[in-house]
Amino acid sequence: MNRSVLHAVLEARAHQRPLVLVTELDSGRQWAEIRGGPASGLAADLRDAALAALSRDRSAVVEIAGARYFLHAMNPPLRLFVVGAVHIAQALVPMASLLGYAVTVIDPRRAFVTGERFSGVKVSTDWPDDALAAVGLDARSAVVTLTHDPKLDDPALRVALASPAFYIGSLGSRRTHGRRIERLATAGLTQEALARIHAPIGLDIGAVSPAEIAASIVAEFTLVLRARAEG
C-alpha cells in the first residue's frame, strides 16, 4: 500500500467516511475510493462497482475490461439512537448491539437512564434534539423515538428528518401518529419529509410485549437498510 492510499484510508477511518480499497489483483496497484471525496482516478465502471460494494456493505471481486479487482468495502459502523429509556429500549439495545450497531440511548429524564437498566451502553441525558444535532446523523444512522412525549419525540424527529438517516421510526398508534404528523406539519415539515417516519413503528408481526416490539423494530430497520443496499 503506497503512502497516499494509506493516508486516505486512515483519514476515512478517523472521520467515519465510507471508503473502498480497490486492488488490481494482477498488478497489486491500489486506489482509495471515498464516497463524496475527491476523484480517485478510477474508470467510471470500476468506480460504480466500488460504490455499489459500499452500498451493499459487502466486499467483492469483480472483473472489468479484462482485469480483476478486489473491492474492500470499509463502511463506518452502523449507529442507532434510541430516544426514550423505556422498557422497549431495554430489549432493543442488546438486539441492535448484536447486529453490530453502536447504540446510544438519549433521555433527559435521569431517573430512567440508570446503570442497572443500560449497563455498558452509551447514554445521553441531553435533550434529544441537542444530542442528535451534536452527533451528526449520517446515512449509516437510525433513529427511534419511544417516549410518547411530544416535547421529547417531536424535536428529535425534526433533527432526524433534516438528516440523511436511513431509518426514522416512532412509537405510537395510528391515531397518535396522526396527531404527530399534524404537529410537525404545523412546524413547517413537508409531507415528503414526514413520509420518512415509520409509524406505527416496527413490522406488523402482532407484537405485544416490549421484547416483541423491539424485535419488530430491529426487523424493520434491517429490512430498510438491506432494501436500500439492493435498490
Side-chain angles (χ1 to χ4, degrees), residues 78-109 112-113 117-118 121-124 127-129 131-133 135 137-187 189-229 231:
L78 290 161
R79 297 185 295 171
L80 172 65
F81 298 92
V82 181
V83 177
V86 296
H87 291 310
I88 294 171
Q90 288 180 267
L92 177 60
V93 166
M95 293 181 191
S97 297
L98 283 172
L99 293 177
Y101 285 77
V103 184
T104 301
V105 178
I106 304 168
D107 200 321
R109 302 169 298 183
F112 285 62
V113 189
R117 302 180 75 197
F118 296 100
V121 177
K122 185 176 181 180
V123 299
S124 171
W127 284 90
D129 51 338
L132 293 177
V135 298
L137 298 172
D138 58 20
R140 302 272 293 172
S141 301
V143 178
V144 170
T145 69
L146 304 175
T147 74
H148 272 304
D149 185 342
K151 296 191 300 297
L152 300 177
D153 286 355
D154 288 9
L157 290 169
R158 288 198 295 269
V159 173
L161 290 170
S163 79
F166 77 86
Y167 177 85
I168 302 167
S170 200
L171 186 67
S173 66
R174 295 186 186 280
R175 179 177 298 178
T176 296
H177 185 57
R179 292 194 294 266
R180 178 187 296 130
I181 291 295
E182 290 177 4
R183 292 192 304 270
L184 293 173
T186 300
L189 275 76
T190 66
Q191 290 302 311
E192 181 181 8
L194 295 172
R196 294 178 60 200
I197 303 174
H198 292 263
I201 198 169
L203 295 183
D204 185 5
I205 60 173
V208 176
S209 70
E212 289 174 345
I213 295 170
S216 76
I217 295 169
V218 169
E220 185 170 60
F221 64 63
T222 300
L223 176 64
V224 171
L225 176 70
R226 297 309 172 197
R228 183 191 65 167

**Q** Just to verify, what does Q191 make a side chain to side chain contact (heavy atoms under 4.5 Å, CB included) with, not counting sequence neighbours?
**A**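 Partners of Q191 under the side chain to side chain contact (heavy atoms under 4.5 Å, CB included) test: A185, L194.
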
**Q** Once salt bridge (Lys or Arg N to Asp or Glu O under 4.0 Å) is applied, do any residues pair with D153, and if so which ones, sequence neighbours excluded?
**A**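 If we apply the salt bridge (Lys or Arg N to Asp or Glu O under 4.0 Å) test to D153, skipping adjacent residues, there are no hits.
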
**Q** Within a strict 4.5 Å, meaning less than it, do heavy atoms of the F81 and L132 side chains meet?
**A**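 They are in side-chain contact.
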
**Q** Quick one: CZ on R174 to CZ on R179, what's the gap to the nearest 0.5 Å?
**A**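 Between atom CZ of R174 and atom CZ of R179 there are 14.5 Å.
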
**Q** Tabulate below the donor-acceptor pairs under 3.5 Å that side-chain atoms of residues 154-162 make, not counting sequence neighbours, or state none.
**A**
unit_1	atom_1	unit_2	atom_2	d
D154	OD1	R183	NH2	3.1
D154	OD2	R183	NE	2.6
D154	OD2	R183	NH2	3.3

**Q** Which pairs with one or both residues in residues 82-98 pass side chain to side chain donor-acceptor pair (under 3.5 Å), sequence neighbours excluded?
**A**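 Found H87-Q90, Q90-R117.
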
**Q** Quick one: are V143 and V82 in side-chain contact, heavy atoms under 4.5 Å?
**A**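 V143 vs V82: side chains apart.
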
**Q** Please name all residues satisfying side chain to side chain contact (heavy atoms under 4.5 Å, CB included) with A215, sequence neighbours left out, ordered by chain then number.
**A**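 Listed in chain order: M95.
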
**Q** Run the side chain to side chain contact (heavy atoms under 4.5 Å, CB included) test against T190 and tell me which residues pass, sequence neighbours left out.
**A**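 Partners of T190 by the side chain to side chain contact (heavy atoms under 4.5 Å, CB included) criterion, ordered by chain and then number, come out as E192, A193.
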
**Q** Using the test side-chain hydrogen bond (donor to acceptor under 3.5 Å, both in side chains), find all partners of H198 that sit at least two apart in sequence or belong to another chain.
**A**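 Applying side-chain hydrogen bond (donor to acceptor under 3.5 Å, both in side chains) to H198 gives none.
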
**Q** Of all residues at least two apart in sequence or in a different chain, which pass the ring-ring contact (aromatic ring centres under 6.0 Å, His included) check with Y101?
**A**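 Counting only residues at least two positions away or on another chain, Y101 forms a ring-ring contact (aromatic ring centres under 6.0 Å, His included) with F221.
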
**Q** Do L171 and H148 have side-chain heavy atoms sitting under 4.5 Å apart?
**A**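 Yes, side chains in contact.
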
**Q** Name all residues meeting the side chain to side chain contact (heavy atoms under 4.5 Å, CB included) criterion together with V123; count only those two or more places apart in sequence or in a different chain, and write none if there are none.
**A**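 Residues passing side chain to side chain contact (heavy atoms under 4.5 Å, CB included) with V123: V105, V113, F118.
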
**Q** V93 versus L80: any side-chain heavy-atom pair under 4.5 Å?
**A**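 Side-chain contact under 4.5 Å: no.
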
**Q** Which heavy atom of A91 sits nearest to which heavy atom of P210, and what is that distance?
**A**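 Minimum heavy-atom separation between A91 and P210: CB-O, 4.2 Å.
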
**Q** Where do G84 and A89 come nearest, in terms of heavy atoms and distance?
**A**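 Taking every non-hydrogen atom into account, O-CB, 3.3 Å.
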
**Q** Side chains of I217 and V144: does their closest heavy-atom pair fall under 4.5 Å?
**A**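 I217 reaches V144 side chain to side chain.
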
**Q** Shortest non-hydrogen contact from A165 to R196?
**A**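 Shortest heavy-atom contact: O-NH2, 2.7 Å.
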
**Q** Scan for side chain to side chain donor-acceptor pair (under 3.5 Å) pairs involving residues 202-223, sequence neighbours excluded, and state none if there are none.
**A**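 The answer is Y167-E220.
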
**Q** Does the side chain of V103 reach to within under 4.5 Å of the side chain of R79, using non-hydrogen atoms?
**A**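 No; the side chains remain at least 4.5 Å from each other.
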
**Q** For T145, check side-chain hydrogen bond (donor to acceptor under 3.5 Å, both in side chains) against everything at least two apart and list the hits.
**A**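 Partners of T145 by the side-chain hydrogen bond (donor to acceptor under 3.5 Å, both in side chains) criterion, ordered by chain and then number, come out as S170.
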
**Q** With rounding to the nearest 0.5 angstrom, report the CG to CG distance, L78 to L225.
**A**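 With rounding to 0.5 Å, CG (L78) is 5.5 Å from CG (L225).
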
**Q** Apply salt bridge (Lys or Arg N to Asp or Glu O under 4.0 Å) to R180 and list each qualifying residue two or more places apart in sequence or on a separate chain.
**A**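 Here no residue qualifies.
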
**Q** Do I197 and L184 make a side-chain contact, defined as non-hydrogen atoms from C-beta onward lying under 4.5 Å apart?
**A**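 They are in side-chain contact.
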
**Q** So D138 and R140, salt bridge (Lys or Arg N to Asp or Glu O under 4.0 Å) or not? Walk me through it.
**A** CA-CA 5 Å; D138 58 20; R140 302 272 293 172; over 6 Å; no

**Q** Is the closest side-chain heavy-atom distance between I106 and L152 below 4.5 Å?
**A**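 They are not in contact (no side-chain heavy atoms under 4.5 Å apart), so the answer is no.
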
